[in-house]
Amino acid sequence: MAGLTKTFGRTTVLRDAHVDLVPGKIQALIGQNGSGKSTIVKVLSGFHRPDAGATLHRGGRSYDLPLSAHELDELGIAFVHQDLGLVDAASVVDNIRVGRFSRGRLTRRVDMRQERAAARRTLDRLGSSIDVDGPVGALSAADRAIVAIARAVQSLRAGDGVIVFDESTQSLPPEVLAGFYDTIRDLAADGTAILLVSHHLDEVMALSDSVTVLRDGRVVASAVATAQTSVRELTRLMLGVDPQVHPLREEVETTPADVVLTATGLTGRRLRGLDLQLRAGEVLGVTGATDSGHEELPYLLAGARPGRGTVACGGTTVSLAGAGSRALLDLGIALIPQGRTTAGLALGLTASDNVSLPRMRARNSRYRLSSGWQDEEARSVITEFGITPPRADLLMGAYSGGNQQKFLIGKWMVARPRVLVLHEPTQAVDVGARRDILRNLRRAAAAGAAVVVISIDEDDLAAVCDRVVVLAEGRPSRQLAAPFTAEDVLGTRVSALEKQS
Amino acid sequence: MSTTTPDTGHARADGPRTEAPALAPRPSWWARTGPADLTRRGAVVVVWALMVVAFGIASPHVFLTSGTLQIILGSHGELIFLCMALVCVFSVGEFDFSVASVMGLSGTATSVMYVTHGWPMVAAAAFGLALGIAAGALNAVIIVILGVDPIIATLGMATALVGVALWLSNLTTVNGLPFGYSDIATTHLAGLPLFFYYGVVLVVVVTYVLFATPLGKHMTFVGANSEVARLAGVNVNRIRFGAFMFSGLLSGLGGLLLAANIGGYDPVSSTASLLPALAATFLGTAIIVPGRFNPVGTWIAVFFLYTGIVGLQLLGLSGWISDFFFGASLVLAVTVSTLLRRRVATR
Amino acid sequence: MSTTTPDTGHARADGPRTEAPALAPRPSWWARTGPADLTRRGAVVVVWALMVVAFGIASPHVFLTSGTLQIILGSHGELIFLCMALVCVFSVGEFDFSVASVMGLSGTATSVMYVTHGWPMVAAAAFGLALGIAAGALNAVIIVILGVDPIIATLGMATALVGVALWLSNLTTVNGLPFGYSDIATTHLAGLPLFFYYGVVLVVVVTYVLFATPLGKHMTFVGANSEVARLAGVNVNRIRFGAFMFSGLLSGLGGLLLAANIGGYDPVSSTASLLPALAATFLGTAIIVPGRFNPVGTWIAVFFLYTGIVGLQLLGLSGWISDFFFGASLVLAVTVSTLLRRRVATR
Amino acid sequence: ATSASSNDPGVAAAQKVVDSRLGSQTFKADLPAIDQIAKAKDKKVLYTAISLKIPYFQNVLKTMQSAAGLAGVQVDGCDGNVTPANIAGCVTQAISQHYDAIVLDNIPVDLIGQGADALKGAGVQIISAEGESLPAADGVTYAGTGGPEMLQAAANWTIADSGGKANVLIVQQNDTPLQVKYVSQYMQPTFAKNCPNCKVQVISVTAAQLGNLGTQVSAALLKDPKIDYVVSEFDANVQYIVTGLQSSPRGKSVKLVGAIGDLAALQRVRSGQFQRADVLVSPSYAGWAITDQTLRVLVGAKTWDRLDTPFRTFDTSNIGDVTVAQDGIDGGAIVGGDTWSHVFRASWGLS
Ligand SMILES: Nc1ncnc2c1ncn2[C@@H]1O[C@H](COP(=O)(O)OP(=O)(O)OP(=O)(O)O)[C@@H](O)[C@H]1O
Ligand SMILES: Nc1ncnc2c1ncn2[C@@H]1O[C@H](COP(=O)(O)OP(=O)(O)OP(=O)(O)O)[C@@H](O)[C@H]1O
Ligand SMILES: [Mg+2]
Ligand SMILES: [Mg+2]
């Protein structure tokens with residue numbers, strides 16, 4: 001691909017970018033939030049029309065972009081998207097074959113036997129044995145990823161073709177990642193060229209053969225051999241400045257003080273009577289394998305999902321049975337959920353509206369909205385987190401994913417809650433933004449808040465936590481106390497997983 | 001632009017999350033359909049049966065006759081056409097308020113061209129049908145190409161087209177279509193008019209297309225998640241465009257046949273069919289394939305509603321009670337079906 | 001359950017991403033509102049002005065009189081009440097087809113209780129209003145608590161309530177409300193009936209609540225993303241419930257005042273108000289605060305539509321052309337506003 | 001109406017008609033006897049009205065059921081719901097349930113199109129009670145119930161009340177040819193004949209557009225501020241007209257006249273809210289008259305072409321003499337009592 005330029009109105013987001021793929025090789029594409037990675041993918045997939053001059057070279061011929069879905073298919077270019085792009089209510093075979101159904105000449109009918117066989121063949125090729133007739137909604141996360149890959153690879157001839165993964169590992173739990181990586185390596189080994197968009201530099205280091213780095217829509221490093229570079233070097237290329245490397249735990253010191261929150265007997269669909277104590281000034285990490293109950297913890301603690309148990313905080317004890325978000329918010333517990341667009345932010349409203357929502361009642365009289373403080377809060381979040389563009393009146397949807405995430409965390413930190421509960425706070429966020437976010441968590445703790453980070457990202461946990469609890473089967477299984485490394489966290493989780501199964 | 005999906009729980013996973021045994025042989029339809037499932041699928045049918053029994057007891061000599069069946073099945077043939085138009089549009093995640101007005105436009109245009117302007121019958125009918133398709137295409141251009149919200153666009157079209165029909169007809173009922181033409185709708189076969197059989201054929205065709213052809217599967221994907229469909233190489237806009245055109249075609253056909261049935265057309269009365277058509281189509285989502293717009297369920301819903309109304313009328317109850325029955329049964333049926341689905345989902 | 005938001009492009013990013021200088025002071029409203037922005041906000045108002053000029057040229061002696069203004073502003077007071085009910089419900093992301101029927105129920109019940117059953121006027125009016133609120137509460141129970149799709153539920157309720165009103169009134173128009181009662185709607189002030197001023201007060205109140213109180217902000221968030229609102233401690237279900245109750249209250253009030261205006265009530269006539277109310281409310285999303293349901297825009301839309309209709313009627317054009325105008329102007333206005341918004345978004 | 005000061009002959013003629021209809025009405029008719037009423041026993045009649053949501057038709061149906069019951073004839077109702085599709089459904093019902101006759105009330109035979117031939121083919125007799133009095137023709141028997149005369153009476157009341165100087169706005173309903181004919185063939189000629197100095201304008205409205213009738217009336221008043229009478233063909237439309245008068249600067253000085261009335265119309269005349277006069281017939285009379293004609297058709301007896309309908313005009317001069325209530329209308333007390341049922345029964349040999 002060459003000469004990729006994309007302008008949205010007056011903003012140019014891609015400047016003469018190019019990506020070169022080699023059969024049988026895995027190429028990673030990295031860059032900060034908003035650097036243009038997804039735009040490259042969307043130009044290639046035909047979603048965006050690039051400015052004139054964008055061409056695709058393949059097999060000695062040139063094609064003008066954008067290409068139609070049909071042409072992409074002919075050329076053997078396929079995509080696996082960030083959210084996998086599956087329809088839950090439809091069956092596995094329909095999800096795999098959509099867009100490619102054969103049709104009887106006279107009856108125009110889908111020959112389901114043939115379709116099932118085709119889906120089966122592709123799944124076999126990927127070494128999967130899932131039932132092709134069941135609904136996709138009933139599958140595990142790992143199997144869902146397989147279905148998405150199967151859709152992409154089915155029409156590729158072995159030893160040919162291109163697959164693009166845009167942050168596809170985002171939605172996968174860590175224990176299935178190894179299998180997913182194997183699948184990708186097998187595909188490459190068959191001779192397929194692979195483009196992998198990712199924010200996880202470890203993943204990039206482990207999986208790719210070469211790396212292309214984007215900054216502000218320009219290619220700043222093209223197909224650097226992975227073996228000849230390092231995480232640090234890649235980070236420098238992405239950010240344009242030298243990254244800070246020493247652990248945040250040391251950069252921002254905190255002093256754990258009194259217990260501010262005591263949770264007893266937290267019970268939900270997976271959690272079974274979990275007890276938890278949090279100290280002011282402490283950052284606690286919670287992790288575990290899929291279904292160990294850690295995904296449920298933040299929502300139970302904040303009263304966002306029905307459960308049992310009690311939470312005592314600031315001298316008041318609340319029984320979770322029948323309590324809603326409101327009761328726990330009043331105790332000073334703030335929840336930063338996973339899924340910033342579904343549960344975190346309203347993209348159609350302005351940044352200032354979004355930031356000020358939680359304090360709408362407290363900071364106004366019931367009958368009148370005073371507006372000054374709203375912009376003030378939004379601006380303080382913008383300064384605190386270094387958000388660009390720094391405008392409080394812009395709609396949330398106009399910010400990139402990383403900046404949105406900063407707003408989401410800022411909206412809760414502004415109020416200085418007693419307890420900050422975060423679920424996967426750095427998902428889909430680039431290294432620079434990640435560090436900004438994590439540093440702010442440490443600062444919140446230093447200022448006297450209790451912080452709980454529920455995450456499967458061992459790097460994050462190792463970077464900010466004073467203590468990490470690993471869950472298995474709905475109960476605490478192991479604990480780590482600082483200092484520890486990412487490898488320690490990973491190891492502990494693996495041993496907890498073994499215990500669970 | 002938000003797509004304003006009139007989806008009734010479409011995107012929701014339909015069954016509980018199960019640890020299905022790997023590659024078990026595919027179970028038969030019956031085995032996959034447990035008793036709870038049957039309740040879900042059949043709740044409305046059971047209510048229908050109970051209703052028939054109740055009316056049968058209340059007026060055995062009038063209600064339990066073949067005549068009653070003929071009335072229920074034989075009138076309102078045009079509703080099936082409108083309902084199928086709605087099923088197609090709803091299936092792709094769009095909305096259409098204008099079906100009844102398009103029907104009125106086609107019926108009026110056909111009658112006016114033949115009766116007032118003396119065109120040959122075939123030309124008049126072709127003109128009526130062409131207007132229906134054109135109206136569908138106009139909807140499609142406004143919604144698919146210009147990106148206007150379908151609820152607003154078709155609401156506006158619905159009103160504007162009544163105006164056009166009134167203008168064509170010079171504000172009155174037009175009458176006097178030839179007998180030969182009327183026969184295409186009114187000829188009886190085994191006690192029922194051809195109009196009824198057209199409806200049956202249409203339901204079969206739409207069911208086949210929706211559930212057994214690539215087009216139908218693609219329509220379902222467009223309705224469930226158009227972005228997924230687009231990425232899978234489905235020409236989403238063509239499918240959305242096509243759904244509106246097809247809706248115009250079916251509504252127009254319904255208008256032609258209704259005009260044949262009546263022998264003429266009253267341009268203003270058409271709007272009265274919108275509500276029953278919407279009601280039956282929504283009620284259909286509670287039958288056979290719960291949670292999905294489906295032709296057979298809709299077909300059953302039409303006759304469910306008219307069984308009630310005809311039954312009440314035969315009991316001498318009419319006026320307010322038919323409105324009440326219509327509305328209340330729609331609310332009740334959909335509520336029950338929602339609750340059943342929810343119970344199954346959380347079991 | 002899909003929430004079926006009748007959102008008109010709400011979620012779309014609105015401004016271009018610019019490299020603004022760090023933390024520039026917030027520009028004034030005027031500075032933020034460039035000419036393109038004014039076009040967007042004011043497109044319909046400009047069309048309105050053009051329309052007035054056109055009618056003025058076509059019939060200067062009749063159209064450009066205070067009488068015309070009196071007709072346009074003084075009739076259809078009840079529409080404002082229905083529109084505000086819709087604005088509240090749409091703002092929280094729900095839908096309500098039943099407003100006109102609720103209005104009919106309240107108006108009929110008040111008239112019947114006073115005229116037929118001889119209740120004191122105050123008791124009759126209180127009963128009518130209570131029925132309106134009860135209907136709103138029933139909608140809320142079905143939709144918010146039982147989780148039924150709002151389009152289907154309110155469509156069913158709309159029909160069922162017409163049945164109830166017909167039953168109450170024994171199918172007939174009821175007349176003979178006392179003069180003193182009629183005065184509350186018909187007394188003129190500066191040439192316009194009180195009914196008009198009630199509408200103005202209502203629009204001001206709803207605007208204030210929606211845009212200047214915490215409740216309004218919460219409603220906006222519930223409509224934009226109810227999960228975000230819930231996690232921020234907003235009692236989402238109470239707000240949705242409240243919106244339906246309030247809708248019932250306003251529709252009921254509209255019914256009481258309309259009954260006062262006419263001196264009685266005909267239960268079947270109410271449904272004729274649904275379409276104009278929906279049209280004006282949707283059209284309102286193209287005015288003043290583009291892309292959002294807003295009271296002032298809706299208020300302007302009502303008078304925009306009736307300026308056109310009265311102007312055409314004064315030219316002696318009525319019948320088909322008013323329907324056509326109604327529908328076509330809705331489609332056109334919303335299309336233009338959608339396109340303008342899109343252009344700004346991609347600049 | 002006491003403006004007989006004028007010696008205008010047209011006004012005098014109009015006043016004469018008005019005066020004859022202000023008092024109690026007595027039904028008189030010279031009906032040929034039905035000899036073999038027993039032949040009608042066990043026959044079935046389907047009464048199809050333009051809308052059974054209108055109470056007048058409900059009451060006609062009730063009267064027919066009890067009257068025909070005397071002769072052993074069963075009468076069922078079917079609701080036309082003001083839509084041709086529904087009316088066609090009623091025709092289907094008449095054929096498939098083997099009715100012996102169908103009564104179409106206020107539904108022109110034209111509106112059922114080919115249904116008429118299907119009915120004839122199936123041996124179902126057609127009785128049209130659309131209001132006009134016409135000789136039987138083309139397999140259709142008519143049972144007029146005074147519609148044209150009532151509209152003429154409304155016109156005459158207006159002429160007399162204005163002393164021959166009315167500026168009239170007629171609101172015509174446009175849904176069926178009959179509704180148009182009522183105005184053009186009965187009302188307008190009455191004005192032309194009895195009131196050469198009257199100015200008459202017609203605006204038309206269809207059922208689907210009643211919502212705009214209010215502003216349509218206001219606009220007409222604005223265009224011609226001299227309009228002083230609004231005559232509505234049907235009382236059902238009066239409430240929309242009232243909203244138009246309410247929002248019109250000089251609406252309060254306009255006199256409203258309605259016809260083919262209902263209870264609400266009388267209530268308005270009594271309270272003096274806009275409406276000043278109304279012309280009305282008892283549904284009981286209509287029910288008996290239609291039943292009589294139907295029985296004649298069923299047994300093959302001689303039918304009648306026209307009866308003198310006992311309708312009555314109400315205005316401020318006589319509204320105080322009657323009790324304004326639904327049962328007065330239903331039973332006929334309001335027009336002067338039931339003076340018809342024994343006449344019909346006598347002609348059936350059942351008195
Ligand atoms: N539809 C659009 N309209 C205007 N600008 C856009 C649009 N889509 C993308 N952009 C611009 O393109 C830039 C690049 O976006 P892109 O999504 O490609 O970034 P990315 O590298 O994928 O970021 P992330 O790491 O967050 O996924 C954004 O910062 C934004 O300014
Ligand atoms: N109207 C707009 N004006 C300016 N920028 C816009 C506009 N609409 C979208 N964008 C930009 O487009 C991008 C959205 O693209 P995309 O959907 O790929 O998100 P993303 O940045 O990749 O987020 P994620 O990391 O969650 O994938 C955002 O970065 C946002 O800045
Ligand atoms: Mg991206
Ligand atoms: Mg992205």
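Residue numbers begin at 1 in each chain, while the letters A, B, ... track the order of the sequences.
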Does any part of the side chain of B/I152, heavy atoms only, come nearer than 4.5 Å to the side chain of C/L330, both counted from C-beta? yes

When the 4.5 angstrom heavy-atom criterion is applied to C/F325 and chain B, the contacting part is neither

Separation between CZ (C/F324) and CG (B/L161), nearest 0.5 Å, reads 8.5 Å

Any C/L166 side-chain heavy atom under 4.5 Å of B/D323 side chain: yes

Distance-minimising heavy-atom pair for C/A328 and B/A160: N-CB, 3.8 Å

Nearest heavy atoms of C/L146 and B/T338, plus distance in Å: O-CG2, 3.9 Å

Quick one, B/D149 and C/V334 - any side-chain contact, counting heavy atoms below 4.5 Å? no

Is any side-chain heavy atom of C/I321 less than 4.5 Å from a side-chain heavy atom of B/W167? no

Do the non-hydrogen side-chain atoms of C/V148 and B/V331 ever get within less than 4.5 Å of each other? no

Indicate, with yes or no, if the rings of C/F95 and B/F95 have centres closer together than 6.0 Å. no

Do you know which of C/A153, C/S329, C/G156 has the most heavy-atom pairs with chain B at a distance under 4.5 angstrom? C/G156

Identify which of B/L275, B/L283, B/T154 forms the greatest number of heavy-atom pairs closer than 4.5 Å to chain C. B/L275

Separation of B/F326 CZ from C/L155 CG (nearest 0.5 Å): 9.5 Å

At a 4.5 Å cut-off on heavy atoms, which part of C/I142 comes close to chain B: side chain, backbone, both, or neither? side chain

